[in-house]
Amino acid sequence: MAYSDKVLDHYENPRNVGAMDSAEGDVGTGMVGAPACGDVMRLQIKVGDDGIIEDAKFKTYGCGSAIASSSLVTEWVKGKTLDEAAEIKNTAIAEELALPPVKIHCSVLAEDAIKAAVNDYKKKQSSE
Amino acid sequence: MDSSKNFFQLFALPVSFDINMSKLMDAYRSLQKVVHPDHFASGTDKEKRLSIEMAAHLNDGVDTLKKPVKRAIYLLKLQGVDVDFEKNTAMSPMFLMDQMELREQLEVVSKQSDPFAAIDTLYERIASMQMERIEDFKIAYDRIANDIDSGGNSTNAEDIVAEMQFIEKLRIDVERLEETLD
């Protein structure tokens, strides 16, 4: 199966790979996994006082499409509010990367990861 | 051979996670002899078609029962529980963190002074993780099969199978890496 140019670009030059300190109050961490292919994805966001996502990092073990989906999402969420980020749909990711039907679940994983990161951040804020 | 039987009945095995592997393989081989398409080379088209279908059904059956994860999924299916991995991404964070850590270890195996020792350590950890899940699965499955209410404090059988599948994929990736080492 051939990957699209956009998938290859993100796969070969992944954006925002790395880790943030998940113990920090302004960091939200989302961990998700896809049992079918064994992919595991960690997506983290750093949120400013104004509620805008300042930075995002990811680490993904999985196929090219899973890496590209998470890489793309870290680019997209920067500068967005939490609610805007949580509204990102997997269909938009799949469309942007021209994912074939068998790889749609990779974009679902990325959508779930950003939602999990936003929820983690909100939970931290409400418990402080 | 009756294709309406479930795979356990097909091979005359009790419906259970624990199976006698040599009994399974013996039953498979003797049934395979009976339905082998070669016996029907001079038969009618219908007979030929049936023998091919039966042979495929047998292969499907032995493959399903031989592999622990497939067997677990099949057992749940017989109980009316359909496992859908695509929908299940919200796994236990602790489990995912372990998986991430194991993947990180796998990534640096080839840089270790003794990569084979590092591989063995990974295999051991994976095997013990899988063994724990299998024990948990058997308990969860027994509850479902015998219709016992767990009172909501036991791990869902589907979630255990999802973790088993995850661990199996990791094990396959360790094997792949091991092949590239020598």
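From a predicted model like this one, the values you see are computed outputs, not experimental measurements. Protein chains get the first letters and strands the later ones, always in sequence-line order, with residue 1 at the start of each.
Residues A/Val40 and B/Phe166 share a closest heavy-atom pair of CB-CZ, 4.1 Å. For the residue pair B/Ala162 and A/Pro35, the shortest heavy atom distance occurs at O-CB, 3.6 Å.
Other residues, nucleotides and ligands place more than 12 heavy atoms under 6.0 Å from the CG atom of A/Asp21. The 12-atom threshold is exceeded at NZ of B/Lys138, counting heavy atoms of other residues, nucleotides or ligands nearer than 6.0 Å. In this structure, B/Met131 places its CE atom where only 12 or fewer heavy-atom neighbours from other residues, nucleotides or ligands lie under 6.0 Å away. Within 6.0 Å of NZ on B/Lys23 lie no more than 12 heavy atoms contributed by other residues, nucleotides or ligands. Around CD of A/Glu95, the count of heavy atoms belonging to other residues, nucleotides or ligands within 6.0 Å does not exceed 12. Other residues, nucleotides and ligands contribute at most 12 non-hydrogen atoms within 6.0 Å of the NZ atom of B/Lys77.
Between atom OH of residue A/Tyr61 and atom CG of residue B/Leu170 there is a gap of 11.0 Å, rounded to the nearest 0.5 Å. With rounding to the nearest 0.5 angstrom, the CE atom of B/Met100 is 4.5 Å from the CE atom of A/Met31. Between the CZ atom of B/Arg103 and the CG atom of A/Asp39 there is a distance of 7.5 Å, given to the nearest 0.5 Å.
The contact between A/Ala36 and chain B is made by backbone and side chain atoms together, counting heavy-atom distances below 4.5 Å. Looking at B/Met164, there are no atoms closer than 4.5 Å to chain A (heavy atoms on both sides), in backbone or side chain. Heavy atoms of B/Glu107 lying under 4.5 Å from chain A belong exclusively to its side chain.
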